[in-house]
There are 2 protein chains.
Amino acid sequence: MLKEERFRVILSQLGQDQKVHLAELSYVLKVSEDTVRRDIKELADQGLLKSVRGGAVPHSPGPHNFKDRVEYGSEQKQIIAGKALSFLKDGQVAIFDGGTSAMLIAQALPKDIHLTVVTNSFPIASILEEHEKVEVLFAGGRLLKNSFVTIGNETIQYFRKFRADICFSGICSIHTDFGVTGPDYEESEVKRAMVESSREIIALSTMEKLGTAEAYYVCPTNQLTTIITDQPDNLDAFEIYKSMGIKMV
Amino acid sequence: MLKEERFRVILSQLGQDQKVHLAELSYVLKVSEDTVRRDIKELADQGLLKSVRGGAVPHSPGPHNFKDRVEYGSEQKQIIAGKALSFLKDGQVAIFDGGTSAMLIAQALPKDIHLTVVTNSFPIASILEEHEKVEVLFAGGRLLKNSFVTIGNETIQYFRKFRADICFSGICSIHTDFGVTGPDYEESEVKRAMVESSREIIALSTMEKLGTAEAYYVCPTNQLTTIITDQPDNLDAFEIYKSMGIKMV
DNA sequence: ATCAATATTGCAAAATATTGCAATTAATAT
DNA sequence: ATATTAATTGCAATATTTTGCAATATTGAT
């Protein structure tokens with residue numbers, strides 16, 4: 001079998017599956033894993049795919065295909081994203097935080113809405129780059145490896161310059177006494193800056209995060225305007241937050 | 001069997017199968033593999049197929065094959081990238097601008113070097129995100145569609161906060177009288193901020209950009225420390241810039 | 001820290017290419 | 001026709017590339 005044939009198989013398989021494993025290919029192509037590895041390396045050098053540990057993944061032209069990174073967001077998060085969209089109005093200035101929930105909103109965003117989006121998330125900025133009518137303002141700062149968001153004082157200062165209409169803040173723990181809290185110090189600091197720079201705060205949370213608390217404080221619960229959850233039919237929590245003037249959706 | 005006849009068979013077989021093997025053809029055509037090889041070479045010279053080890057595959061159609069583009073651009077710029085790397089020392093703070101040249105440097109960067117990189121380019125930040133020992137500081141600002149870099153006042157202010165060791169600035173026009181100039185107002189402004197925030201300035205340019213000028217001013221020529229070109233053997237230019245105290249590589 | 005999975009490297013064997021050369025065939029001029 | 005030249009072909013000797021293996025290093029997850 002020609003090397004070129006193997007290339008074709010690898011690329012075609014990759015087109016279907018978004019991933020290929022060395023062992024699989026080695027079996028299918030009837031060559032050693034070493035050879036597959038070398039093939040993958042060669043294809044990677046040509047920019048046709050990206051070599052990763054144990055196999056390869058597609059590599060589309062742009063800077064990075066963050067869209068692939070969005071693991072088929074859980075069904076619940078899709079629901080949340082759908083609901084969130086109804087809060088966005090044409091012409092608004094919106095802050096998007098770096099979580100996967102906010103990313104799903106960005107992905108679900110219709111192409112024809114006119115917005116100014118402020119974010120510290122590479123994936124979100126990349127997604128919105130394709131939206132003609134969306135102006136993207138990106139918060140600088142130290143790039144956090146693996147999650148592709150910027151953090152640190154610079155990032156915070158950037159957000160503080162805004163008075164946005166609306167802010168989508170991803171999964172945090174929400175507790176009536178302890179307020180909104182997060183598991184990471186620096187990210188929580190950034191989140192606070194976002195929240196304090198916006199008029200309306202839409203918290204995106206799953207039901208199980210309600211009533212729990214983490215180590216780092218973000219803001220008081222009553223600062224939230226709305227809480228969007230996957231199942232707003234949990235009446236206990238529903239009533240509690242509603243009585244605080246928070247809209248539950 | 002006539003040579004032309006063999007050609008016809010080879011091409012026809014290739015049309016059906018997307019591939020041909022030397023051994024097969026040798027058997028079918030009843031000539032030695034050497035002859036088949038020579039046939040293939042001749043057909044390849046005419047651009048009718050692509051000769052590969054062990055046989056041939058159809059010639060990839062279209063002048064703008066993605067793969068070709070990658071390799072093509074690389075050719076000269078790869079040389080520049082290689083040279084640029086020798087200027088980077090462990091532990092330095094480096095500014096990378098948003099051009100493709102700087103991107104190639106990032107791509108060619110060894111994984112084990114310890115650096116702090118300041119950039120306004122998504123692609124570069126993405127590439128370096130995979131480098132364990134590289135801290136990426138990203139300049140915020142307005143995201144420029146299509147080129148994935150941030151620009152504007154925020155971006156400029158961000159760079160002004162640094163005093164970097166070295167700055168890699170992509171292809172600009174360089175003229176002894178008019179200085180360094182660029183084709184876009186905002187990008188040139190950002191470039192100036194980068195240049196003024198760095199001790200050492202490495203300009204990455206192709207030979208044809210030397211001695212030309214564009215509309216927007218970046219900095220005086222003598223502010224450059226080094227000019228890296230693809231062919232530093234153009235002695236005329238070489239001497240001129242060298243006499244200004246600029247290192248030509 | 002530890003372990004298993006994966007990657008890298010060097011190396012030798014196998015596959016494939018290249019080259020020079022001689023034999024054959026086709027082409028052309030006389 | 002025939003001699004001369006040029007092109008084609010197969011073969012053998014010599015490079016070059018590819019491949020799988022084994023030893024070693026690296027990585028990722030726990």
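We name chains A, B, ... by the order of the sequence lines, and we start the count at 1 in each one.
Under the side-chain hydrogen bond (donor to acceptor under 3.5 Å, both in side chains) criterion, A:E33 pairs with no residue at all, not counting sequence neighbours. Applying the side-chain hydrogen bond (donor to acceptor under 3.5 Å, both in side chains) rule to A:T35 yields the partners A:S32; only residues at least two apart in sequence or on another chain are considered. For B:F7, the ring-ring contact (aromatic ring centres under 6.0 Å, His included) criterion is met by no residue, not counting sequence neighbours. Partners of A:R6 under the salt bridge (Lys or Arg N to Asp or Glu O under 4.0 Å) rule, at least two apart in sequence or in another chain, are A:D39. With sequence neighbours left out, the side-chain hydrogen bond (donor to acceptor under 3.5 Å, both in side chains) criterion links A:E186 to A:R142. With sequence neighbours excluded, the residues satisfying side-chain hydrogen bond (donor to acceptor under 3.5 Å, both in side chains) with B:R199 are B:D165.
Each of A:R53 and A:E42 was assigned the nucleotide of DNA chain D with the nearest heavy atom; the assignment lying further toward the 5' end belongs to A:E42.
Separating the NE2 atom of B:H21 from the P atom of C:dA17 is a distance of 11 Å, rounded to the nearest angstrom. To the nearest angstrom, C1' of D:dG10 lies 15 Å from CG of B:L22. What separates CG of B:L29 from P of D:dT8 is a distance of 16 Å, to the nearest Å.
For the helix from C:dA1-D:dT30 to C:dT30-D:dA1, the rotation axes defined at the first and last 5 base pairs enclose an angle of 50°, given to the nearest 10°.
Here the side chains of B:L137 and A:L143 are not in contact, with every heavy-atom distance at 4.5 Å or above.
Applying the ring-ring contact (aromatic ring centres under 6.0 Å, His included) definition to pairs two or more places apart or across chains, those involving residues 87-107 of chain B are B:F96-B:F168.
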Check: protein-nucleotides 19-23 of chain D nitrogen or oxygen pairs below 3.5 Å:
residue, atom, partner, partner atom, Å
D:dT19, OP1, A:R6, NH1, 2.8
D:dT19, OP1, A:R6, NH2, 3.0
D:dT19, OP2, A:R6, NH2, 3.1
D:dG20, OP1, A:S32, N, 3.4
D:dG20, OP2, A:S32, N, 3.0
D:dG20, OP2, A:S32, OG, 2.9
D:dG20, OP2, A:T35, OG1, 2.1
D:dG20, N7, A:R38, NH2, 2.5
D:dG20, O6, A:R38, NH1, 3.4
D:dC21, N4, A:D34, OD2, 3.4

